[in-house]
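By convention here, the first residue in the shown sequence is residue 1. We count ligands from 1, going down the list as the structure has it; atoms in each ligand are counted the same way.
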Amino acid sequence: MSGARVGVLALQGDFAAHARILRALGAEVSEVRRLADLEGLRALVLPGGESTALLRLMDGAPWLDALRAFHAEGGALLGTCAGAILLAREVQPPQPSLGLLDAVVERNAYGRQTESFEAELAAPTFDAPMRGVFIRAPRLTATGPAVEVLARLSGEPVLVRQGRVLAATFHPEMAADDRLHRCLLDQG
Ligand code: GLN
């Protein structure tokens with residue numbers, strides 16, 4: 001939706017790449033660094049990075065409650081990689097999370113040899129193939145009944161949707177793929 005006000009959480013990680021893609025789609029984008037920056041936004045990207053570092057940076061203010069309230073009030077969310085970890089109901093090894101996605105996520109789940117890799121994804125609801133860039137990526141090891149799987153790698157979910165929440169374990173912004181950002185703008 002052109003002109004929509006969208007935020008990109010800019011505490012940590014590759015938020016600039018997401019902001020660029022959203023601006024190219026015609027959205028009005030703001031970088032979210034304080035709780036007050038969430039005001040007036042319709043959608044928010046939680047970028048990839050390092051979820052433990054992100055949680056430390058969130059320590060000083062009630063970010064988790066504010067993000068849950070943002071969602072409850074109708075905000076749409078796209079979380080990629082560390083952002084997907086933050087959205088999950090349960091994280092392994094255990095760490096705090098938002099619980100907005102009925103899924104269990106295991107951090108750094110592809111092991112040392114394949115810390116980073118690219119792969120073609122099976123994404124039948126999209127018009128053209130999707131390329132996944134995985135960087136120390138998590139795995140969704142369980143998903144609840146309300147979670148729709150939009151893309152898989154070797155049969156496992158890597159892109160899912162639950163209502164206004166989209167989560168990818170890979171980095172669409174690094175494959176110059178704007179389709180998930182379009183989905184976010186359509187929801188917001
Ligand atoms: N391994 C990171 C974490 O556990 C996620 C990596 C990423 O966002 N590319 O938070």
- Task: Give a yes or no on whether Glu31 atom CD has more than 12 heavy-atom contacts from other residues, nucleotides or ligands under 6.0 Å away.
- Result: yes

- With a 4.5 Å limit on heavy-atom distance, are the side chains of Arg33 and Leu9 in contact? no

Are any protein N/O atoms closer than 3.5 Å to the N/O atoms of ligand 1? If there are, list each pair with names and the distance to one decimal place.
residue: ligand 1; atom: 1 (N); partner: Asn108; partner atom: OD1; Å: 2.6
residue: ligand 1; atom: 1 (N); partner: Arg136; partner atom: O; Å: 2.9
residue: ligand 1; atom: 4 (O); partner: Arg107; partner atom: NE; Å: 2.6
residue: ligand 1; atom: 4 (O); partner: Arg107; partner atom: NH2; Å: 2.9
residue: ligand 1; atom: 8 (O); partner: Gly49; partner atom: N; Å: 2.9
residue: ligand 1; atom: 8 (O); partner: Gly49; partner atom: O; Å: 3.0
residue: ligand 1; atom: 8 (O); partner: Ala82; partner atom: N; Å: 3.0
residue: ligand 1; atom: 9 (N); partner: Ile135; partner atom: O; Å: 3.0
residue: ligand 1; atom: 9 (N); partner: His171; partner atom: NE2; Å: 2.8
residue: ligand 1; atom: 10 (O); partner: Ser51; partner atom: N; Å: 2.6
residue: ligand 1; atom: 10 (O); partner: Ser51; partner atom: OG; Å: 2.7

- Message: Does the Lys NZ or Arg CZ of Arg139 fall within the cation-pi geometry relative to Tyr110 - under 6.0 Å from the ring centre and within 45° of the axis?
- Response: yes

- Is a salt bridge present between Glu28 and Arg23, judged by a nitrogen-to-oxygen distance below 4.0 Å? no

- Query: Do you know which two heavy atoms are closest between Leu140 and Thr143, and how far apart they sit?
  - Reply: CB-CG2, 4.5 Å

- Query: Is it true that Asp59 and Arg56 have a side-chain N and a carboxylate O under 4.0 angstrom from each other?
  - Reply: no

